[in-house]
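These notes are about the structure you will find just below.
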Amino acid sequence: MALNPELIRESLGVVVEREAAITPHFYERLFARYPQVRPLFSRNDPERQQKMLQESIVAVVDHLEEPEWLAETLGNMGMQHVDYGVTAEMYPWVAECLLDTLADIAADQWSDDYRAAWEEALGAIAGLMLAGAAKREAATS
Ligand code: HEM
């Protein structure tokens, strides 16, 4: 994966310095723009769900130089997401809301380079999760 770990880490640092809890803002935006996904989030309470997502973002960012770890972890995560009712069309919604949340929090410290690096990374993450999802769907059909 030709990613730009330096820019991703630098931008995440800028964001987290301003606001440690990114995910509540993300969910607020996601549910406002795409209310149809809200019923999917019923297995865990919002606080636990937010913590899991934030931890997974940090874990992925920690492993950006490890393609095997990424493929395996994200493939498994994609498989689980099929069971949550997540479909391929939803990945761009999540990417868009996460990007806008990061940009909003970073405010005047955000840059086009940060956006490009995140767009690329989120596209790659979605690709690996969807590869896992496809395996899951093939196994159950
Ligand atoms: C950037 C890609 C994504 C990442 C890193 C991510 C991460 C996670 C993590 C870590 C969990 C906790 C359980 C688990 O490990 O499976 C989770 C659960 C979940 N995710 Fe995602 N996810 C992503 C994309 C999506 C998308 C596109 C949707 C669609 C709306 C979605 C909906 C859900 C739902 C419904 C759950 C279960 C919620 C619950 O437990 O109540 N995720 N996700």
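Start at 1 and go down the list; that is how both ligands and their atoms are numbered.
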Correct closest heavy-atom pair for Arg136 and Val82 would be CG-CB, 4.0 Å

(request) Inspect the contact between Asp100 and Arg115 and indicate whether a charged nitrogen and a carboxylate oxygen are less than 4.0 angstrom apart. (result) yes

closest protein heavy atom to atom 40 (O) of ligand 1 is Asn44 ND2, 2.9 Å

Output field: ring centroids Tyr84/Phe41 closer than 6.0 Å
no

Across all chains, not counting sequence neighbours, the side chain to side chain donor-acceptor pair (under 3.5 Å) partners of Arg29 are Thr101, Asp104

Run the side-chain contact (heavy atoms from CB on, under 4.5 Å) test on His81 and Met90 for me, step by step, so that the C-alpha distance in whole Å, both residues' side-chain angles and the decisive distance to 0.1 Å come before the verdict.
CA-CA 11 Å; His81 276 67; Met90 296 173 184; over 6 Å; no

If we number the atoms of ligand 1 from 1 as shown, the ones under 4.0 Å from a heavy atom of Leu40 are 35 (C)

Test side-chain contact (heavy atoms from CB on, under 4.5 Å), reference Leu99, set Phe26, Trp110, Tyr114, output is Trp110

Atom 39 (C) of ligand 1: closest protein heavy atom, distance to 0.1 Å, is Gln49 OE1, 3.3 Å

Among non-hydrogen protein atoms, atom 34 (C) of ligand 1 lies closest to Phe41 CE2, 3.5 Å

Honestly, for Ser42 the part within reach of ligand 1 (heavy atoms, under 4.0 Å) is backbone

Note: ligand 1 atoms sitting under 4.0 Å from heavy atoms of Met52 are 10 (C), 12 (C)

Checking side-chain contact (heavy atoms from CB on, under 4.5 Å) for the pair Tyr34/Glu96: CA distance, chi angles, key distance, verdict? CA-CA 11 Å; Tyr34 301 102; Glu96 167 203 310; 2.8 Å; yes

Are Ile57 and Trp69 joined in one hydrophobic group, where the rule is that I, L, V, M, F, W and Y side chains link up if heavy atoms are under 4.5 Å apart?
yes

Do any nitrogen or oxygen atoms of Arg43 lie less than 3.5 angstrom from nitrogen or oxygen atoms of ligand 1?
yes

The closest protein heavy-atom partner of atom 3 (C) of ligand 1 is Met129 SD, 3.6 Å

For residues Leu53 and Leu64: do they belong to one hydrophobic cluster (side chain heavy atoms under 4.5 Å, members Ile, Leu, Val, Met, Phe, Trp, Tyr)? yes

Inset, instruction - I would like to know whether Val86 and Val37 meet side-chain contact (heavy atoms from CB on, under 4.5 Å); could you show each step before the answer? - result: CA-CA 8 Å; Val86 175; Val37 305; over 6 Å; no

Checked atom 21 (Fe) of ligand 1: protein N, O or S atoms closer than 2.8 Å come out as His81 NE2

Note to self: If the threshold is 4.0 Å, N to carboxylate O, is there a salt bridge linking Glu47 and Lys51?
What the structure shows: no

Nearest non-hydrogen protein atom to atom 1 (C) of ligand 1, with distance, is Ile125 CG2, 3.9 Å

The answer for which part of Gln80 has a heavy atom under 4.0 Å from ligand 1 is side chain

